Amino acid sequence: MNDPVSLLSQGPPETVLPPEPEDVRAALAEAAASSEPVAAFGSVCVRWPQCLDAWAGLGECLEAGEATPALAYAAFRTGYHRGLDRLRAGGWRGSGHVRWRHATNRGFLRALSGLQRVAAEIGEHAEAQRCAVFLMQLDPEWPPSDDAFG
């Protein structure tokens with residue numbers, strides 16, 4: 001006899017990352033307001049390498065500037081991989097939701113979304129497609145409104 005498959009009546013499990021400590025949030029706010037945001041976000045990445053918002057912010061600054069797309073790609077990919085580590089540490093087991101509506105998940109989702117954009121830009125279309133599918137699996141309401149990233 002086959003064992004029955006257990007289905008959750010409320011749907012897939014949801015993971016919410018814990019908030020960053022106050023000093024990290026303050027450094028992120030300073031970086032966002034900096035006249036040299038690439039250097040400022042880079043400093044946050046160096047001081048707190050597990051901070052997903054820092055990697056996403058660095059990638060976004062590099063993407064918006066005149067840097068080669070390879071640098072933005074590297075920042076987003078680092079944020080994505082650090083995010084997978086943080087999600088696993090938070091109980092995520094490779095499936096289930098990681099929703100944008102939880103502010104603490106946004107650094108990871110921004111990094112993954114940035115990776116999707118830059119992968120497409122540099123011709124890594126298979127990777128861009130995988131990222132797009134993963135974003136929809138993590139948050140079926142993806143993408144957030146255009147002003148949500150601002």
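FYI, the numbering just counts along the sequence from 1. These numbers were taken from a predicted model, which means no experiment stands behind them.
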> In this structure, which one of N105, L52, T104 forms a side chain to side chain contact (heavy atoms under 4.5 Å, CB included) with R86?
Replying inline: L52
> Where is the tightest heavy-atom contact between P19 and R25, given as atom of each residue plus distance?
Replying inline: CB-NH1, 4.0 Å
>> For a quick test of reading the model, state the closest non-hydrogen atom pair linking E127 to A119 and the distance between them.
In response: OE1-CB, 3.8 Å
> So if you build clusters from Ile, Leu, Val, Met, Phe, Trp, Tyr with side-chain heavy-atom gaps below 4.5 Å, do V118 and L109 land together?
Replying inline: yes
>> Are the side chains of W100 and W142 in contact, using a 4.5 Å heavy-atom criterion?
In response: yes
> Under a 4.5 Å side-chain heavy-atom rule over Ile, Leu, Val, Met, Phe, Trp and Tyr, are L87 and W48 clustered together?
Replying inline: no
>> Between W55 and F41 (side chain of the first, backbone of the second, donor and acceptor by atom type, cut-off under 3.5 Å), is there such a pair?
In response: no
>> Within this structure, what is the NE2-CD distance for the pair H97 and Q137, rounded to the nearest 0.5 Å?
In response: 9.0 Å
> Are the side chain of S43 and the backbone of A39 linked by a donor-acceptor contact shorter than 3.5 Å?
Replying inline: yes
> Can you check side-chain contact (heavy atoms from CB on, under 4.5 Å) on E60 and F76, steps first, answer last?
Replying inline: CA-CA 8 Å; E60 289 162 355; F76 287 135; 4.0 Å; yes
> Does a side-chain N-to-carboxylate-O contact under 4.0 Å join D53 and R106?
Replying inline: no
>> Classify the ring geometry of F108 against Y80: parallel below 30°, tilted from 30° to 60°, perpendicular beyond 60°.
In response: parallel
> Yes or no on side chain to side chain donor-acceptor pair (under 3.5 Å) for R82 and T78, after CA distance, side-chain angles and deciding distance?
Replying inline: CA-CA 6 Å; R82 296 272 181 174; T78 300; over 6 Å; no
>> Pair E14, H102 - check side chain to side chain donor-acceptor pair (under 3.5 Å), show working.
In response: CA-CA 10 Å; E14 187 165 315; H102 302 290; 2.4 Å; yes
>> What I want to find out is whether R88 reaches D85 closely enough, with some N-O distance under 4.0 Å, to be called a salt bridge.
In response: yes
>> Quick one, E30 with S34, criterion side-chain contact (heavy atoms from CB on, under 4.5 Å). Give me CA distance, side-chain angles, the key distance, then yes/no.
In response: CA-CA 6 Å; E30 287 177 22; S34 174; over 6 Å; no
> Between R77 and L115, is there a donor-acceptor pair closer than 3.5 Å when you use the side chain of the first and the backbone of the second?
Replying inline: no
> Can I122 be reached from L62 by stepping across I, L, V, M, F, W or Y side chains whose heavy atoms are under 4.5 Å apart?
Replying inline: no
>> Is the shortest side-chain heavy-atom distance between E20 and C51 below 4.5 Å?
In response: yes
> Any side-chain heavy atom of L84 within less than 4.5 Å of one from W92?
Replying inline: yes
> So does R47 have more than 12 non-hydrogen atoms from other groups sitting under 6.0 Å from CZ?
Replying inline: no
>> Are V16 and L135 connected into the same hydrophobic cluster when the rule is that any two of I, L, V, M, F, W, Y join if their side-chain heavy atoms are below 4.5 Å apart?
In response: no
>> Quick one, R93 and P13 - any side-chain contact, counting heavy atoms below 4.5 Å?
In response: no
> At what distance, to the nearest 0.5 angstrom, does CG of L138 lie from CZ of R99?
Replying inline: 10.0 Å
> If you round to the nearest 0.5 Å, how far is CD of E141 from CE of M136?
Replying inline: 9.0 Å
> Looking at A120 and H125, what are the two nearest heavy atoms and their distance?
Replying inline: O-CE1, 3.4 Å
>> Could you report the tightest heavy-atom contact between A111 and A56, atom names first, then the distance?
In response: N-CB, 3.9 Å
> Distance from T68 atom OG1 to Y73 atom OH, nearest 0.5 Å?
Replying inline: 12.5 Å
> Around Q50, counting heavy atoms of other residues, nucleotides and ligands shown, do more than 12 lie under 6.0 Å from its CD?
Replying inline: yes
